[in-house]
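Just so it is clear, the model here is predicted, and its values are computed rather than measured. If you read the sequence from its start, that first residue is 1, and numbering goes on from there.
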Amino acid sequence: MKYLYRVFQLFVSIPIALASTVMTSVIVIVGCTIGNGHFWGYYPGKWWSKLMIRIFLLPVTVEGRENIEPGQSYVFVSNHQGAFDIFLIYGYLGRNFKWMMKRELAKLPFVGYACRKARFIFVDKRNAGKVRETYEMARDTLKSGMSLVVFPEGARTYTGQMRDFKKGAFALADELQLPIVPLTINGSFRVMPRMRDWHWVVWSPLRLTIHQPIYPVGKGIENVLATMRQSFDSVVSALNS
């Protein structure tokens, strides 16, 4: 079955993935240029992400959508297992949001420019001024009523085990007194982990768990650290052992 699945990927999944990625990028670029950026920056990517998962025949389970309320701005924080985390969250979270993503992704052909047009936030750590600019963009996005999705580990895991969270997203939520929603991803590390980028996809079920929001109980460093610890524990609690 493994080799039959690879043949299917070679002749069906990969060609569709490449064509749909270019097409979606063009739709986002054109749509954001002439129309509603919040719509065109989200829905084409959502449909593309669902297509990407379906063409690789990966089953998806989503738990906890009832935990997020319409109209509420959230900071979503998720573990980062592999490349398919993007498709799982984008396609199945069910909430319009902006990504916070690595600056290097801006260099991807078509995709990088589409992300810029969609006003996703590229995290730039080259100097203090760039960090401050990134933070201000994220703050403005949340103040506008939009939600953010952040991978607070900073990068994908090499081992499948979660790494410590960084404080940035939690400090931002603390400053604006917004709730944090932890997300747990299962299965993506098996499908395509960091050390197997651009290799064959391995079939595995994917599961996205949306936890209950964590609301601020104060303001300042104690609240930042408390919400960070609680978020970490929530994500871990739903990980497959």
Side-chain angles (χ1 to χ4, degrees), residues 38 41-42 45-46 49 64 67-68 72-106 111-112 115-116 118-126 130-157 162-186 188-189 194 208-216 221 223-239:
H38 287 331
Y42 171 67
K46 175 183 177 179
S49 294
N67 290 327
I68 53 179
Q72 172 65 56
S73 179
Y74 294 108
V75 177
F76 294 97
V77 295
S78 174
N79 62 317
H80 204 359
Q81 288 195 338
F84 274 69
D85 297 348
I86 304 297
F87 307 134
L88 185 59
I89 293 176
Y90 213 164
Y92 295 90
L93 180 59
R95 171 57 62 94
N96 198 333
F97 64 86
K98 302 295 185 185
W99 289 102
M100 290 192 72
M101 52 178 50
K102 294 192 301 182
R103 176 176 60 89
E104 290 77 10
L105 295 176
V111 174
C115 289
R116 287 195 182 279
R119 299 193 64 79
F120 295 157
I121 300 163
F122 292 99
V123 180
D124 194 335
K125 301 178 181 178
R126 286 177 292 177
K130 294 293 185 182
V131 171
R132 185 165 54 253
E133 183 179 331
T134 298
Y135 194 88
E136 289 172 355
M137 289 178 63
R139 182 196 296 119
D140 291 343
T141 297
L142 289 168
K143 282 184 175 180
S144 73
M146 187 61 64
S147 296
L148 284 179
V149 172
V150 185
F151 294 114
E153 294 170 273
R156 290 171 289 168
T157 176
M162 276 179 56
R163 301 189 295 179
D164 291 339
F165 283 177
K166 295 178 170 59
K167 291 187 293 187
F170 304 95
L172 191 61
D174 172 75
E175 178 186 342
L176 300 178
Q177 290 292 280
L178 290 174
I180 291 170
V181 177
L183 307 173
T184 302
I185 290 172
N186 279 291
S188 180
F189 185 74
R194 185 174 185 175
L208 175 65
T209 303
I210 305 168
H211 297 275
Q212 292 186 349
I214 300 171
Y215 289 89
I221 188 61
N223 180 62
V224 171
L225 295 177
T227 55
M228 185 167 64
R229 285 193 298 267
Q230 192 174 346
S231 297
F232 186 92
D233 291 343
S234 293
V235 175
V236 170
S237 71
L239 279 174

Show the atom names and distances, to 0.1 Å, of all donor-acceptor pairs under 3.5 Å that link a side chain in residues 142-151 to residues at least two apart or in another chain.
residue, atom, partner, partner atom, Å
S144, OG, T141, O, 2.6
S147, OG, Y74, N, 2.9

>> Filter on side-chain hydrogen bond (donor to acceptor under 3.5 Å, both in side chains), then keep only pairs touching residues 75-87, sequence neighbours left out; what's left?
In response: H80-D85, D85-S188

>> Filter on side-chain hydrogen bond (donor to acceptor under 3.5 Å, both in side chains), then keep only pairs touching residues 162-171, sequence neighbours left out; what's left?
In response: none

At what distance, to the nearest 0.5 angstrom, does [atom1] of [X] lie from [atom2] of [Y]?
| X | Y | atom1 | atom2 | result |
| --- | --- | --- | --- | --- |
| L208 | T184 | CG | OG1 | 8.0 Å |
| I68 | L183 | CD1 | CG | 8.5 Å |
| H38 | N96 | NE2 | CG | 7.5 Å |
| I86 | I185 | CD1 | CD1 | 8.0 Å |
| F165 | F170 | CZ | CZ | 5.5 Å |
| K46 | Y92 | NZ | OH | 10.0 Å |

Does the side chain of [X] reach to within under 4.5 Å of the side chain of [Y], using non-hydrogen atoms?
| X | Y | result |
| --- | --- | --- |
| F232 | P152 | no |
| F76 | I89 | no |
| M100 | T134 | yes |

Which heavy atom of [X] sits nearest a heavy atom of [Y], and at what distance?
| X | Y | answer |
| --- | --- | --- |
| R116 | A106 | NH2-CB, 3.4 Å |
| C115 | F122 | CB-CZ, 3.7 Å |
| G91 | S49 | N-CB, 3.6 Å |
| V181 | H211 | CG1-O, 3.3 Å |
| G41 | A118 | CA-CB, 3.7 Å |
| I214 | S231 | CD1-OG, 3.4 Å |

>> Before you tell me yes or no, could you show the steps for V111 and L105 under side-chain contact (heavy atoms from CB on, under 4.5 Å), namely the whole-Å CA-CA distance, both residues' side-chain angles and the distance that decides it to 0.1 Å?
In response: CA-CA 8 Å; V111 174; L105 295 176; over 6 Å; no

> Is the number of heavy atoms from other residues, nucleotides or ligands within 6.0 Å of CD (Q212) greater than 12?
Replying inline: no

> Counting N and O atoms only, with roles assigned by atom type, does the side chain of N223 sit under 3.5 Å from a partner on the main chain of D174, one being a donor and the other an acceptor?
Replying inline: no

> With sequence neighbours excluded, what pairs up with R132 under the salt bridge (charged side-chain N to carboxylate O under 4.0 Å, His left out) test?
Replying inline: none

> Under the salt bridge (charged side-chain N to carboxylate O under 4.0 Å, His left out) test, which residues partner R194, sequence neighbours left out?
Replying inline: none

> R95: what forms a side chain to side chain donor-acceptor pair (under 3.5 Å) with it, not counting sequence neighbours?
Replying inline: none

